[in-house]
Chemist: 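One structure follows; several queries about it will come next.
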Amino acid sequence: MAAKTVTRAELAEAVYQEVGLSRIESAALVEAILAEMADALVTGEAVKISSFGSFSVRQKGERVGRNPKTGEEVPILPRRVLVFRPSHVLKDRINK
Amino acid sequence: MTRSDLIARIAQRRGLYQRDVERVVSAVFEEVTEALARGDRVELRGFGAFSVKQRDSRTGRNPRTGEAVAVDAKVVPFFKTGKQLRERLNTEG
């Protein structure tokens, strides 16, 4: 069972098969879901999808990093990172 | 933003019934979940990628009693933020 990669196309196909909208509308809605989630996260809003997981934005402070090749110290600037916490339902389902 | 807020926003923006958008949102997260359950990777360019990571069995400890407990090997979901979203998080908002 080699691991495959699922993309927007397969998600749109699933919507098309299961919901019965046109292929174009299905693809547009997959895009709309991702865009709506991304826009909320960019404003700093957390996104909680029940029985899937939650995405939140964390502010990271500046710290000193090191170039692993040269050993040189480089400052890592303060930045915002996205954190995904899977729900218990998701964790249980992938361990079946 | 919760699942129902997401549904309401998309329904409003695209002029659709919430019950229809509900089915679409469910189908999308169901598909991602099934892919991860098969061990597949889900790559959504610009947004991020979901994958699974193997965790070996280990001996854990009950933090309350200090008692050793066996923790089985398991698979955990993992998300890596896409380049475009990572850049947006640090230039907008």
Chemist: Could you tabulate the donor-acceptor pairs under 3.5 Å formed by side-chain atoms of residues 12-19 of chain B, not counting sequence neighbours?
Modeler:
from    : atom 1 : to      : atom 2 : distance (Å)
B/Arg13 : NE     : A/Glu36 : OE1    : 3.2
B/Arg13 : NH2    : A/Glu36 : OE2    : 3.0

Chemist: Pull out the residues in residues 18-29 of chain A that come under 4.5 Å of chain B, heavy atom to heavy atom, sorted by number.
Modeler: A/Glu18, A/Val19, A/Leu21, A/Glu25, A/Ala28, A/Leu29

Chemist: Between B/Leu6, B/Asp20, B/Asp5, B/Val21, which has the largest tally of heavy atom pairs under 4.5 Å with chain A?
Modeler: B/Leu6

Chemist: Which heavy atom in A/Ala3 sits nearest to a heavy atom in B/Gly39, and how many Å separate them?
Modeler: CB-O, 3.4 Å

Chemist: Could you check whether any side-chain heavy atom of A/Val81 comes within less than 4.5 Å of a side-chain heavy atom of B/Leu89, counting everything from C-beta outward?
Modeler: no

Chemist: Which region of A/Val47, side chain (C-beta onward) or backbone (N, CA, C, O), has a non-hydrogen atom less than 4.5 Å from a non-hydrogen atom of chain B, or is it both or neither?
Modeler: both

Chemist: If you look at every heavy atom in B/Ala35 and A/Val6, which pair is closest and at what distance?
Modeler: CB-CG2, 3.7 Å

Chemist: Anything in residues 40-53 of chain B with a heavy-atom distance to chain A below 4.5 Å? Please list those residues in order.
Modeler: B/Asp40, B/Arg41, B/Val42, B/Glu43, B/Leu44, B/Arg45, B/Phe47, B/Phe50, B/Val52

Chemist: Where along residues 61-76 of chain B does a heavy atom come under 4.5 Å of chain A, listed by residue number?
Modeler: B/Lys74, B/Val75, B/Val76

Chemist: Looking at B/Leu36, B/Val24, B/Val28, B/Leu85, which one has more heavy-atom pairs under 4.5 Å with chain A than the rest?
Modeler: B/Val24

Chemist: Which one wins on heavy-atom pair count under 4.5 Å against chain B: A/Val30, A/Val89, A/Leu41, A/Asp39?
Modeler: A/Asp39

Chemist: Does any heavy atom of chain B fall under 4.5 Å from the side chain of A/Lys4, the backbone, both, or neither of them?
Modeler: both

Chemist: Indicate the atoms forming the closest heavy-atom contact of B/Ala37 with A/Ile94, along with that distance.
Modeler: N-CG2, 3.8 Å

Chemist: Check whether any side-chain N or O of A/Glu45 sits under 3.5 Å from a backbone N or O of B/Met1 as a donor-acceptor pair, and report yes or no.
Modeler: yes

Chemist: For the backbone of B/Asn90 and the side chain of A/Arg80, can you confirm whether one donor and one acceptor N or O come within less than 3.5 Å of each other?
Modeler: no

Chemist: Within the structure provided, determine whether A/Leu82 and B/Arg86 are in side-chain contact (heavy-atom separation under 4.5 Å).
Modeler: no

Chemist: Could you check whether A/Arg93 and B/Thr33, counting side-chain N and O atoms only, form a donor-acceptor pair closer than 3.5 Å?
Modeler: no

Chemist: At a 4.5 Å cut-off on heavy atoms, which part of A/Ala38 comes close to chain B: side chain, backbone, both, or neither?
Modeler: both

Chemist: Quick one: CG on A/Asn95 to CZ on B/Arg55, what's the gap to the nearest 0.5 Å?
Modeler: 11.5 Å

Chemist: Quick one: what part of B/Glu30 sits under 4.5 Å from any heavy atom of chain A, side chain, backbone, both or neither?
Modeler: side chain

